[in-house]
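Note that the coordinates shown come from a computational prediction; the quantities given were computed from them, not determined experimentally. Position 1 is the first residue of the sequence, and the numbers go up from there.
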Amino acid sequence: MCQNVCMTMTLPLRANDAETCCAPLTAAVVDHAEAERIAKTFKALADANRVRLLSLIAASDDGEACICDLTAPVGLSQPTVSHHMKLLVEAGLVTREQRGKWAYFTVNRDALANAAGALQVR
């Protein structure tokens with residue numbers, strides 16, 4: 001590859017490269033129980049239909065939505081929407097209130113804020 005002139009270059013090593021590269025872990029690392037809780041939240045958000053359902057509830061005028069109003073916008077059957085909503089409730093992302101025959105859901109904004117900040121650098 002070299003034609004006529006070949007140059008070699010040696011890069012200097014910094015004395016503390018090992019220290020920079022391998023900094024010890026700090027107290028900001030989540031423990032196992034917290035990691036499980038965060039993973040459950042992200043697992044609930046790992047489905048596009050659930051993200052859409054959460055968005056529909058958050059965007060509603062009064063901050064809540066009846067299960068009967070959630071089926072048509074996502075194009076899913078009522079039992080499928082109920083299943084998705086159950087997972088969102090179990091993850092703590094929404095709350096459920098039974099009113100007669102219908103279930104109403106409200107976004108848990110604190111849980112969403114916690115999810116958003118879960119992996120931020122501390």
For this session: May I ask you to decide if His84's main-chain N or O and Arg50's side chain share a donor-acceptor pair within less than 3.5 Å?
Result: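 Between the backbone of His84 and the side chain of Arg50 there is no qualifying donor-acceptor contact (under 3.5 Å).
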Exercise. Under 3.5 Å, side chain of Glu34 to main-chain N/O of Glu36, donor-acceptor pair present?
Worked result: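 Answer holds: no.
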Which atom of [X] lies closest to which atom of [Y], heavy atoms considered:
X	Y	value
Cys68	Trp102	CB-CZ3, 3.5 Å
Ala91	Thr41	O-OG1, 3.9 Å
Arg52	Pro73	NH2-O, 2.9 Å
Val51	Leu45	CG2-O, 3.2 Å
Ala44	Leu93	CB-CD1, 4.1 Å
Asn108	Gly92	ND2-O, 3.1 Å

Exercise. Any link between Tyr104 and Leu112 through a network of hydrophobic side chains (Ile, Leu, Val, Met, Phe, Trp, Tyr) touching at under 4.5 Å?
Worked result: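 Yes.
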For this session: Identify which one of Leu76, Val81, Leu54, Thr80 satisfies the side-chain contact (heavy atoms from CB on, under 4.5 Å) criterion when paired with Asn49.
Result: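 By the side-chain contact (heavy atoms from CB on, under 4.5 Å) criterion, Asn49 pairs with just one of Leu76, Val81, Leu54, Thr80: Leu76.
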Exercise. Excluding sequence neighbours, so at least two apart, what forms side chain to side chain contact (heavy atoms under 4.5 Å, CB included) with Asn114?
Worked result: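 Side chain to side chain contact (heavy atoms under 4.5 Å, CB included) list for Asn114, sorted by chain: empty.
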For this session: Tell me, please, which residues at least two apart from Ile57 pass side chain to side chain contact (heavy atoms under 4.5 Å, CB included).
Result: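 In terms of side chain to side chain contact (heavy atoms under 4.5 Å, CB included), with neighbours along the sequence ignored, Ile57 is linked to Ala65, Leu70, Met85, Val94, Phe105, Val107.
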Problem set entry | Greater than 12 external heavy atoms within 6.0 Å of Arg96's CZ |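 Yes.
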Exercise. Which value, rounded to the nearest 0.5 Å, describes the distance between Arg99 atom CZ and Ile67 atom CD1?
Worked result: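 It is 13.0 Å, given to the nearest 0.5 Å.
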Problem set entry | Donor-acceptor pair between Gln78 and Ser82 side chains, under 3.5 angstrom |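 Short answer, yes.
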